[in-house]
There are 2 protein chains.
Amino acid sequence: METFPKKPAKPRAEKTRVGAVTLRDVARVANVSVATASRALTGTGLASAETQKRLIQVAADLGYRPNTFARGLKTKSSKLIGLAIHNLENASFRVLAEVVQTRMRALGYEVILSITSDDPGQERSTLATLADHSIDGLIVVPTGANGPQLLGLENAGIPVVCVVRRDEGALLESVLAADPEGAYAGTRHLLALGHRRIGLIVGREDTTSGKERLAGYLRALHEAGLPVDRALIHHGRYVPETGVTAANALLALKEPPTALFVANHESSLGVLRVVSERGISVPDDLSLLCYEDTPWFEWQRPALSVVDSGASEMANLVVDRLMQRIGGAANGGREYRVGVRLIERASCRALEGR
Amino acid sequence: METFPKKPAKPRAEKTRVGAVTLRDVARVANVSVATASRALTGTGLASAETQKRLIQVAADLGYRPNTFARGLKTKSSKLIGLAIHNLENASFRVLAEVVQTRMRALGYEVILSITSDDPGQERSTLATLADHSIDGLIVVPTGANGPQLLGLENAGIPVVCVVRRDEGALLESVLAADPEGAYAGTRHLLALGHRRIGLIVGREDTTSGKERLAGYLRALHEAGLPVDRALIHHGRYVPETGVTAANALLALKEPPTALFVANHESSLGVLRVVSERGISVPDDLSLLCYEDTPWFEWQRPALSVVDSGASEMANLVVDRLMQRIGGAANGGREYRVGVRLIERASCRALEGR
DNA sequence: TTTGCGAATGGAAACGTTTCCAAAAAAACC
DNA sequence: GGTTTTTTTGGAAACGTTTCCATTCGCAAA
């Protein structure tokens, strides 16, 4: 005969919440109507203090837990927020995820995690699904290709706050790192130590962070009255390999830099490898300054000095902003920048012969 | 009592989904009843092929998206699964999160991320909240103190699968690393290279992984007919500091080991630091074998050899298992072990004078 | 005593689905 | 052609909340 075409024909696991205590049950036991039970428990203040107390007691006794579906159906609020980020490998994103989830839980929200791989297609589909789940808000590191859809969420009443990257058009609120200042501060630090030839390894020039960090570097050089040597500047993707090629090129220069500013976090690994392979001693032969702190930077020998872009600070701020928005604040399209911090460890030394 | 929202008193952001196309609208436009519209769109096969096609078209035209709340209210299924893990810093957990989220999304589920910090209290409260959200399933790295609650979820019809750690009592399905075999294979590898004094740094003996890895190490030694020197074995918490104290102790031995098996991932950083501080050359003076691969192991100089416990394999398997369970499979309480893999890089060398 | 008024309550109507049940239509059988 | 069976449909009842509206109650004011 034929196959069974239509139904998935699954055994359908028993899904009847055994104890499922409903609001009705609570009301019945407490001898009030469902309406007052609801009022008492949601604490809208429309129930007498006495019945409220009693109902809370009864609810606790019975182990009543409100049904999220039913509640959401009426209130349109899910107590769920979406977090759409590129990956979890990058330390900033990881911290973002941890902080957002922890704080949101404390605020009574759960977090739906969504990894976009920086791929607009994935972002698009995930945004749709998140909307279907009626999230109460969204924190997103935008890929930059789905601006209209993000705006669409806003129009549908779902507050959106961008983080780490800005949305194109900058119509949404966003919380960003102070990259220009970070790169500026880092470069200044190296200059103050007496370095004059400072190699820079940084993200592609068509990314905001790549552009901004370069700008900070240039400004510091400019202020110090130093010429910029384009040979000292290397752009590349956010991967370790970039560090390898860039470091190799820089160290092969006939007049090599005395310090490297690795302003592209992912490249640090590659740079470290090259340095070690070439038998270069840090910081004696070469000073190294990295970007965006990560636990192993501190454990490395020598411990790596770093310009930290304050991932956890960003995370906290973005949570604050989102909560404001959920609370009713209008979208001001404002841009928030969190301060950077220079963490001196042991990978940069003062130049003597200056 | 967290379940009862007190007075929000917020300005209540406009939450009326502007376009909110309901099933009714679709039905009206297509000139059928809501019932058939539902049947056609959910594809239960109870609608004629022709109307089904038509309705799908109409729904698409109107941009209809089913309301999750209403649907969940009836079906009791949320298309949400919970993922409760200790943190995102440990490479295994990170990979777990990435893989689970990616695969689950492809299967039509979203993932609620929940970080427990290995704290039973947090686990307890998060499990309750996840249940409130009617998750369709749960993947959990159990802290080990909330067994009854996990069982409670199962009884409430929510399939639970443990990963990385077993639940106490082992009543739930779990997907684990083949730790005994991993430690055994690693030790064998070092033995084969001619090492006879092999230091072991491993998790506390009251954790399953600590116990099992120690067992693997002992078995390999035993098979090789070697005596075990308790001075070569160090237990400790899963933190870098453990590596520091253990490595220092081991290297200070009057007859120090020629190889270190760092079977406690987090300790690797500490060991590396000590080794570097003492000016010990790896692998010339000391062979190093780590546990659980992580990207920077490969980029380190020398690249670190490692026993990988197959985090992504575990993640994939645990997803498979959960889907089976959601599909109706009964909880067999089975224990699945995924194979380990020895990745030889450059941190172990053969001993000559053997 | 009546009137008025706020506070507390209950009844019932939503919210947008899925699904039971019966009816209608179509197809199959004899 | 009539009768049964099968397929396709529509009406309406859920699902568990919140909330509008009307009612009741107690109590102060007239």
Side-chain angles (χ1 to χ4, degrees), chain A residues 2 5-8 12 15-17 19-55 59 62-79 131-134 157, chain B residues 3-5 7-8 12 15-17 19-55 59 62-79 131-134 157:
Chain A
E2 283 290 357
K6 326 258 178 163
K7 272 214 138 182
R12 202 81 195 82
K15 196 63 185 277
T16 355
R17 273 316 207 329
V21 181
T22 142
L23 186 56
R24 245 164 101 132
D25 301 330
V26 178
R28 188 164 340 112
V29 172
N31 232 5
V32 294
S33 75
V34 197
T36 50
S38 170
R39 281 187 288 247
L41 293 180
T42 48
T44 31
L46 300 168
S48 82
E50 197 243 329
T51 49
Q52 169 156 2
K53 213 174 106 186
R54 183 160 50 101
L55 272 153
L62 265 50
Y64 167 71
R65 314 231 51 169
N67 179 310
T68 337
F69 293 133
R71 176 173 281 179
L73 194 53
K74 288 298 288 185
T75 65
K76 312 249 178 272
S77 151
S78 59
K79 291 295 184 180
D132 287 348
H133 281 278
S134 299
Chain B
T3 77
F4 311 115
K7 42 143 229 181
R12 205 82 195 80
K15 196 63 185 271
T16 355
R17 272 319 202 324
V21 180
T22 142
L23 187 56
R24 246 164 101 132
D25 301 329
V26 178
R28 188 161 345 109
V29 172
N31 233 3
V32 295
S33 74
V34 196
T36 49
S38 170
R39 281 185 289 245
L41 293 180
T42 48
T44 32
L46 300 167
S48 82
E50 197 243 330
T51 50
Q52 169 156 3
K53 213 174 107 186
R54 183 160 51 101
L55 272 153
L62 265 50
Y64 166 72
R65 314 232 48 169
N67 179 309
T68 337
F69 293 132
R71 176 173 282 178
L73 194 52
K74 288 297 290 184
T75 63
K76 310 255 181 263
S77 151
S78 58
K79 290 297 184 177
D132 287 347
H133 280 279
S134 299

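This is a predicted model, so every value here is computed, not measured. Numbers restart at 1 for each chain; the letters A, B, ... are given by sequence-line order, proteins then strands.
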Could you tell me how far apart [X] ([atom1]) and [N] ([atom2]) are, to the nearest whole angstrom?
X       : N      : atom1 : atom2 : answer
A:Leu23 : D:dG16 : CG    : P     : 11 Å
B:Lys79 : C:dT18 : NZ    : P     : 12 Å
B:Glu50 : C:dA25 : CD    : P     : 16 Å
B:Arg71 : C:dT18 : CZ    : C1'   : 9 Å
A:Arg24 : C:dG10 : CZ    : C1'   : 14 Å
A:Asn67 : D:dA14 : CG    : C1'   : 13 Å
A:Asp25 : D:dC15 : CG    : P     : 11 Å
B:Arg65 : C:dT17 : CZ    : C1'   : 16 Å

Fill in: side-chain hydrogen bond (donor to acceptor under 3.5 Å, both in side chains) partners for B:Thr68, two or more places apart
none
Item to complete: Return the set of residues passing side-chain hydrogen bond (donor to acceptor under 3.5 Å, both in side chains) with B:Arg54 (not counting sequence neighbours), or none when no residue passes.
Response: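 Per chain and number, B:Arg54 pairs via side-chain hydrogen bond (donor to acceptor under 3.5 Å, both in side chains) with no residue.
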Worksheet item: Are any of the side-chain heavy atoms of B:Asn67 and B:Thr22 separated by less than 4.5 Å?
Response: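 SC-SC contact between B:Asn67 and B:Thr22 ruled out.
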Fill in: B:Arg65: partners by salt bridge (charged side-chain N to carboxylate O under 4.0 Å, His left out), with sequence neighbours left out
A:Asp132
Worksheet entry | Backbone of B:Ser134 reached by a side-chain donor or acceptor of B:Ser78 within 3.5 Å |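 Yes: the side chain of B:Ser78 pairs with the backbone of B:Ser134.
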Worksheet item: Looking at five pairs on each end of the helix from C:dT1-D:dA30 to C:dC30-D:dG1, what is the angle between the two axes, given to 10 degrees?
Response: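 Comparing the axis at each end, I get an angle of 50°.
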How long is the gap from [atom1] on [X] to [atom2] on [Y], to the nearest 0.5 Å?
X       : Y       : atom1 : atom2 : value
B:Arg39 : B:Ser48 : CZ    : OG    : 11.0 Å
A:Lys74 : B:Phe69 : NZ    : CZ    : 13.0 Å
B:Gln52 : B:Thr42 : CD    : OG1   : 8.5 Å

Practice prompt. Consider the side chain of B:Ser33, meaning its heavy atoms from C-beta on, and name the nucleotide among D:dT17, D:dG10, C:dG16 that approaches it most closely.
Written response: D:dG10
Practice prompt. Could you please name the option among D:dT9, D:dG16, C:dG16 that lies closest to any side-chain atom of B:Thr22?
Written response: C:dG16
Worksheet item: Closer to the 5' end of DNA chain D via nearest nucleotide, is it A:Ala70 or B:Val32?
Response: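 Nearest-nucleotide comparison on DNA chain D picks B:Val32.
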Discussion item. Checking A:Ala37 now: which residues fulfil side-chain contact (heavy atoms from CB on, under 4.5 Å) with it, not counting sequence neighbours?
Written reply: A:Leu23, A:Ala27, A:Val32, A:Leu55
Review item, nucleotides 19-22 of chain C N/O atoms under 3.5 Å of protein N/O:
residue : atom : partner : partner atom : Å
C:dC20  : N4   : B:Arg39 : NH1          : 3.4

